[in-house]
Amino acid sequence: MEKNKPPSILLNRANWTSHVLLGISVCLMALACMSVIQKSSSLAGLWLPTALMIPALFHHRYRDWLPLLCASALGIAAAHTVLGTPFLRYLPYLLNNLFEASLCAALLRRMLPAQDPLSGLGHWVRFLLIAVIFCPLVSSFIMMLFILHVHSPVELQSRFATWFMSEAVAILALTPLGLIYQRGYFRKTLTSERFFGLLLTLIITLAAGFLALKWLPYTFAFITIPLLWCAIRLPRVEAFIIFLSMTLMIALLHTSGIVSVQPHAVVQIPQGLIFLPLLLILTPANAMAMAMQTLRAEKSHITQSENRFRNAMEYSAIGMALVSPQGRLLQVNKSLCNLLGYEAGYLTTLTFQEITYQEDLGKDLSLLEQLLNDEIQNYTMEKRYLCRSGEVIWALLAVSLVRDEEHNPLYFISQIEDINDLKHTEVTNKRLSEALHEEKELLHITLNSINEAVISTDRNMNITFMNPVAEKMTGWTEQQAQGQPVNRIVLISKGQDGPLIDNLLQFDINENLHSSVERSLVLHGHHTGLFDVQLAVSPLRTLKDEPIGIVLVLQDVSKSRELMRKLSYSASHDLLTGLSNRGSFESSLKKALNLITAAHQSHCLAFIDLDRFKAINDTAGHAAGDELLRQISTLMQEHIRNSDRLARLGGDEFALILFDCPAEQGLSTLAKLVSEINQFEFVWEGKIYRIGASAGLTNMNDPDVSGSEYMAQADKACYTAKNNGRGRVFRYEPEQKIATVHTDNSVIPPEKH
Ligand SMILES: Nc1nc2c(ncn2[C@@H]2O[C@H](COP(=O)(O)OP(=O)(O)OP(=O)(O)O)[C@@H](O)[C@H]2O)c(=O)[nH]1
């Protein structure tokens, strides 16, 4: 688990272990450096503690710096104490070291990224300026202030140079490694196969350096070669390890007197700048290592991108191909092979022109030309491909062009998506859509041209459609009515004066309502009047039988109803007088017979025949006779109850039923009626005519006697009245005796005035 843990490259939290480790490391390094310097005759050496403190501070938060600096100070103080340096003597130098490390770490944190601070040559140059040049110079000047009163100018110059070089070289050799070092690196390297290679390279490089120092002229020129070779060949960390090792070895060999860094130099290097060559060889070596690091990172980036693209292409669900500018399929993926039915090896021997359906090739080539001419950046088109099986399939092609640095075309990237099923579905859908459109048009025309009003609603009974007839009848335009509740637009009552039907609007459309026809329905139009209508209501349902609304069909039956009314009237009425005719009277007679039993009523049936009517016809004409019949009818109706039924049986014969009327009362009414007729003066063309009437009456109180029998009885009584002098009323007696009830002896022949 520990191995898989990512190395900490961000700021670390300092704990007591890191404080102790830093303190011990600084102490050991200070001890080593001071021991070497004390043994050296030249007093020149490297000062590694500052170079170690800088990365330690860089990688920790500011709030952790104080304990880290204390630990470092204790480490240096301990080293001085071991070597017997008085406290006050080393204290200024110690403080200067701490200040330099703090200043350098703070500046580096400002100028370099916390994550991988030396990731490029630019960052390394910043490091060089800040850590290797600026901070050691500042530190050197501060040191000068401490010893200004003590030494001569030449000595001061030498001390300044020595201090600067010991700091600068140590920082250049050690600090980069500290900055880029990631936790766990050494453990990983020690256990990896690379360790022995690194060890071998280290030994060879150090040996080459030693040989150059010992025997070769232009020593540092020869030392530079293995360092540059390491910078080119090795990863950054390993190169820095070798640089550090080489620096330490040279410094050690020189200070211990085994070799001199300037045995063959033409110009004698001043004592203070004895390690200047080290600085000069480390600088290009570091720069080269950084440049190689950048190159490697770029190469790795490119390789990763190529791998990603290769994987994306190979495992893409859609067909992909890299195509040469001439059209050759350079590389194809599995999906494309599966789509076209070719093996990859064979497909790459073909050109895209060979597998393109001939009719689509022209457009494809034209677009390709535009792409090559930089007129477009990419293109997509639907085209057909020829499969190995001979089948032609539809695909969606997307093409882009990859160019080299000189903008020359390298290859096309083609993505080929199978849309064969989609295309076939599209064709089917298009056909269906056209058919649907035709159906809709047909329906629209039909609905516009039919004579019925058609109104449809949604499931909430709000209107969605009205045809022109519906607009005309309801008085609402479709636009006005759309979305309105149907009960606001379609107002229907039973009969003209009946209440509005609201159950029409409460139709439960889940019910099986095929159609309902109500003959007496009346539609109340909005400013368009009343319409006799027939109504059919049908529920609308989806294929899953879910209700989605209703359709109302209203048929204007006003004219047919009027005709029916007229037919019905003429079938039951005498057209001349407006009285009931014989047929209708017989129905009334049946009703009267039924009431004898049902309501225990007795009625009077009368037969009335006008006297001397023929003379009117003969003298005044047929039209006068007609008018007289009308006036006599009106006269008779005025003297009977609304519930009674008067009918003209034909010619000048009338029949009368006095419902629920005792015989005596009936005789009285009839006598009054006959008397009125006898006294009636008919005026025609300035002349007065008088007629009379004879009437026979029978009492209807026996349900077993038929209507025709009663009619015969009344007729018989009327006949008796006629034969007994006219102008009178006779009552039928069952014993065949006719009693005269009323006698009017004034039957006067009409005379002209
Ligand atoms: N103007 C007119 N005359 C009719 C109509 N129907 C029948 N008549 C005539 O009415 C007359 C009836 O004949 P009658 O009952 O014998 O004539 P009348 O003079 O009343 O004879 P009495 O009953 O014996 O007094 C006939 O001359 C018919 O032609 C009609 O609709 N209009």
Side-chain angles (χ1 to χ4, degrees), residues 566-567 569-586 588 605-640 645-656 667 669-698 708 710-732 738-753:
K566 281 181 184 167
L567 284 173
Y569 183 83
S570 57
S572 60
H573 288 77
D574 169 44
L575 295 179
L576 179 67
T577 60
L579 298 176
S580 297
N581 63 10
R582 183 182 286 274
S584 173
F585 186 78
E586 282 174 0
S588 298
L605 173 64
F607 199 92
I608 304 160
D609 189 293
L610 299 183
D611 298 333
R612 299 176 62 78
F613 175 69
K614 186 173 177 300
I616 303 292
N617 267 345
D618 293 346
T619 53
H622 206 266
D626 284 352
E627 180 56 28
L628 176 61
L629 286 172
R630 273 194 287 271
Q631 290 187 14
I632 290 296
S633 297
T634 307
L635 177 73
M636 283 195 283
Q637 276 189 307
E638 285 170 0
H639 289 86
I640 59 174
R645 175 55 56 93
L646 178 65
R648 183 183 171 220
L649 300 182
D652 60 350
E653 293 174 359
F654 297 87
L656 173 65
L667 275 172
T669 303
L670 198 57
K672 176 78 177 138
L673 207 60
V674 168
S675 170
E676 287 292 328
I677 295 170
N678 287 344
Q679 290 169 22
F680 182 70
E681 290 182 344
F682 174 61
V683 181
W684 183 259
E685 292 178 347
K687 293 179 183 171
I688 298 174
Y689 300 89
R690 296 186 66 190
I691 57 162
S694 299
L697 182 138
T698 187
S708 56
Y710 278 125
M711 285 292 282
Q713 289 175 8
D715 187 34
K716 203 168 193 175
C718 182
Y719 181 76
T720 308
K722 280 271 181 202
N723 285 340
N724 283 278
R726 292 187 172 82
R728 61 200 65 205
V729 176
F730 269 72
R731 177 181 174 181
Y732 174 77
I738 304 298
T740 303
V741 177
H742 175 78
T743 302
D744 188 347
N745 52 5
S746 55
V747 180
I748 301 163
E751 287 178 15
K752 293 179 184 175
H753 294 271

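Only this structure's heavy atoms are used, side chains among them; waters, hydrogens and symmetry mates stay out. All ligand and atom numbering here is 1-based and tracks the order in the structure. Source: prediction; values computed, not measured.
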Enquirer: Look up atom CE in Met636 and atom CG in Leu673, then write down how far apart they are to the nearest 0.5 Å.
Expert: 6.0 Å
Enquirer: Is there at least one protein heavy-atom neighbour under 4.0 Å from atom 15 (O) of ligand 1?
Expert: yes
Enquirer: Which ligand 1 atoms does Arg726 reach within 4.0 Å, using its non-hydrogen atoms?
Expert: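 Close to Arg726: 22 (P), 24 (O), 25 (O).
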Enquirer: List ligand 1 atoms under 4.0 Å from Leu610, heavy atoms only on the residue side.
Expert: 20 (O), 23 (O)
Enquirer: Between the candidates Lys614, Arg648, Lys722, Glu627, which shows the shortest non-hydrogen contact distance to atom 23 (O) of ligand 1?
Expert: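 That would be Lys722.
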Enquirer: I'd like to know if the side chain of Ser584 reaches the main chain of Asn581, judged simply by a donor and an acceptor atom lying under 3.5 Å from each other, with no hydrogens or angles considered.
Expert: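 No.
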Enquirer: Taking the side chain from Asn678 and the backbone from Ala693, do they hold a donor-acceptor pair closer than 3.5 Å?
Expert: yes
Enquirer: Between Asp609 and ligand 1, which residue portion shows a heavy-atom distance shorter than 4.0 Å: side chain, backbone, both, or neither?
Expert: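 Side chain only; the backbone of Asp609 stays clear of ligand 1.
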Enquirer: Once you round to the nearest 0.5 Å, how far does CZ of Phe654 lie from CZ of Phe607?
Expert: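 Rounded to the nearest 0.5 Å, the CZ-CZ separation comes to 10.5 Å.
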Enquirer: How close does the nearest protein non-hydrogen atom get to atom 7 (C) of ligand 1, and which residue and atom is it?
Expert: Gly651 CA, 3.5 Å
Enquirer: Only heavy atoms of Asp652, strictly under 4.0 Å: list the atoms of ligand 1 that pass.
Expert: 15 (O), 20 (O)
Enquirer: Tell me whether Tyr719 at atom OH has more than 12 heavy atoms from other residues, nucleotides or ligands lying less than 6.0 Å away.
Expert: no
Enquirer: Checking side-chain contact (heavy atoms from CB on, under 4.5 Å) against Leu579, which of His573, Gln637, Arg630 comes through?
Expert: Gln637
Enquirer: What atoms of ligand 1 come within less than 4.0 Å of a heavy atom belonging to Asp611?
Expert: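 Listed by number with element, the hits are 20 (O), 25 (O).
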Enquirer: Note the single closest protein heavy atom to atom 29 (O) of ligand 1, along with its residue, its atom name and the distance in Å.
Expert: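 Sorting protein heavy atoms by distance from atom 29 (O) of ligand 1 puts Asn617 ND2, 4.2 Å first.
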Enquirer: For ligand 1, which atoms have a heavy atom of Gly625 less than 4.0 angstrom away?
Expert: 1 (N)
Enquirer: Does an N or O anywhere in Phe613 fall below 3.5 Å from an N or O of ligand 1?
Expert: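 Between Phe613 and ligand 1, an N or O pair is found under 3.5 Å apart.
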Enquirer: Evaluate the criterion side chain to side chain donor-acceptor pair (under 3.5 Å) for residue pair Thr577 and Asp574; output intermediate values, then yes/no.
Expert: CA-CA 6 Å; Thr577 60; Asp574 169 44; 2.5 Å; yes
Enquirer: Does a side-chain N-to-carboxylate-O contact under 4.0 Å join Lys614 and Asp618?
Expert: yes
Enquirer: Nearest 0.5 Å, what's the CG-CG distance between Leu697 and Leu667?
Expert: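 The CG atom of Leu667 is 5.0 Å from CG of Leu697, to the nearest 0.5 Å.
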Enquirer: Which residue and atom name correspond to the protein heavy atom nearest atom 21 (O) of ligand 1, and how close is it?
Expert: Arg612 N, 4.2 Å
Enquirer: Which heavy atom of the protein is the closest neighbour of atom 32 (N) of ligand 1, given with residue, atom name and distance?
Expert: Asp626 OD1, 2.8 Å
